[in-house]
Amino acid sequence: KTYPNAPNPTIRLNTLGHVGLPLSEREAKNVTAYTLRDLSGAAFIEGTLGGPSIMESGEPTTVVHSFLMDSFDNPEWQSFLCAVVKDIWGSLDVDPATSITRFEPSKLFLVANELRGIELQGPHNPDDTFGTVVLTLPSRFTGGITHLSHAGTEAVVDQSENSLLDRSVMTWYTDVAPEFEPIQSGYRLILGYSLINASSSLPVF
């Protein structure tokens, strides 16, 4: 689902400061450089399964940065996430009144070339995590079509058409197999979230 009128989350990355949206090429390179020199150990490069992947230009294929909830400085972003969660519960047929579920941030992904094989869930046990949420933030890109398959049924999602302005959300259960076609041009900025069975009585953020 797309949310054309969603607020800017106003992402803040430690010493880099705020990340401008829609994401420009200059801003994407700033995020990449910041992540590569981050001394905290929270940021790393990850490509296809099996290790880092570097394009011929020498730039990393994918930059993955772990983030905390206080990395969002726009208070309206929390209200927007509440609306998104209600839509997710409806699409996955989850009853928040009876289900013990937590909606937890995983990572911030900056995709420059491809996303094939990237793990979009956080470091939680499979028994705890039952779903994945991918929120694509405004940044111009082409390609990156997503294929979701389960039990012989496949869905194809293309979020590139209005990627410069829209915020788009995809969600799926952990037994659904996602495949991501390579990004052909531009940069894709993604917030990854995990749906987790929790001990609290209500979904939390």
Side-chain angles (χ1 to χ4, degrees), residues 1-12 19 21 64-111 115 118-139 144-163 165-181 188-205:
K1 182 175 179 177
T2 57
Y3 297 85
N5 298 317
N8 184 338
T10 317
I11 299 173
R12 175 171 40 82
V19 177
L21 295 176
V64 185
H65 188 88
S66 299
F67 64 93
L68 302 174
M69 286 307 297
D70 62 3
S71 297
F72 304 108
D73 285 343
N74 186 351
E76 295 183 5
W77 185 248
Q78 182 75 7
S79 298
F80 167 67
L81 287 181
C82 289
V84 169
V85 168
K86 289 181 181 179
D87 291 338
I88 290 172
W89 292 164
S91 64
L92 295 182
D93 196 26
V94 174
D95 184 356
T98 59
S99 301
I100 302 176
T101 307
R102 186 166 72 250
F103 182 71
E104 183 171 296
S106 171
K107 290 183 177 69
L108 172 66
F109 296 82
L110 174 60
V111 187
L115 189 63
I118 293 296
E119 176 62 65
L120 285 176
Q121 295 174 356
H124 298 278
N125 295 328
D127 290 342
D128 297 331
T129 302
F130 67 89
T132 298
V133 179
V134 173
L135 199 162
T136 300
L137 295 170
S139 56
I145 294 174
T146 305
H147 299 261
L148 301 171
S149 59
H150 179 260
T153 301
E154 181 174 322
V156 179
V157 182
D158 184 358
Q159 295 184 324
S160 65
E161 184 176 355
N162 296 312
S163 61
L165 299 176
D166 285 349
R167 288 120 177 108
S168 302
V169 176
M170 293 186 294
T171 183
W172 57 81
Y173 284 111
T174 51
D175 57 353
V176 173
E179 286 286 338
F180 301 87
E181 294 186 11
R188 187 177 187 180
L189 189 64
I190 296 173
L191 292 174
Y193 291 85
S194 297
L195 297 174
I196 303 167
N197 290 328
S199 58
S200 58
S201 59
L202 292 174
V204 297
F205 307 94

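Rounded to the nearest 0.5 Å, atoms NE2 (His150) and OH (Tyr173) are 10.5 Å apart. Atom CG of residue Asn5 and atom CG of residue Leu165 lie 10.5 Å apart, to the nearest 0.5 angstrom. To the nearest 0.5 Å, atoms CG (Leu148) and CD (Glu179) are separated by 10.0 Å. Here the straight-line distance linking atom CG of Leu189 with atom CG of Leu110 works out to 6.0 Å at 0.5 Å rounding. Atom CG in Leu108 sits 5.5 Å away from atom CG in Leu191 (nearest 0.5 Å).
Pairing each heavy atom of Leu137 with each of Pro9, the nearest pair is CD2-CG, 4.1 Å. The heavy-atom pair separating Val169 from Gln159 by the smallest distance is N-NE2, 3.9 Å. Of all heavy-atom pairs between Asn8 and Thr10, the closest is OD1-N, 2.8 Å. Scanning both residues, Val156 and His147, for their nearest heavy atoms gives CG2-ND1, 3.6 Å. Contact detail for Arg12 and Asp73: the closest heavy-atom pair is NE-OD2, 2.8 Å.
The shortest side-chain heavy-atom distance between Leu195 and Ile88 falls under the 4.5 Å cut-off. Here the side chains of Thr146 and Val134 are not in contact, with every heavy-atom distance at 4.5 Å or above. When side chains are defined from C-beta on, Leu135 counts as touching Leu81, because their heavy atoms get closer than 4.5 Å.
With hydrogens and angles disregarded, a donor-acceptor distance shorter than 3.5 Å links the side chain of Thr171 to the backbone of Thr132. Side-chain atoms of Arg167 come within 3.5 Å of backbone N or O of Pro7 as a donor-acceptor pair. Between the side chain of Ser163 and the backbone N or O of Ser139, at least one donor-acceptor pair lies under 3.5 Å. Remark: the backbone N or O of Ser168 is not paired with any side-chain donor or acceptor of Asp166 at under 3.5 angstrom.
When the shell of 6.0 Å around CD of Glu154 is examined, it contains more than 12 heavy atoms from other residues, nucleotides or ligands.
Classification of the Tyr3-Phe80 ring pair by plane angle, with boundaries at 30° and 60°, yields perpendicular.
For Asp87, the salt bridge (Lys or Arg N to Asp or Glu O under 4.0 Å) partners at least two apart in sequence or on another chain are Lys1.
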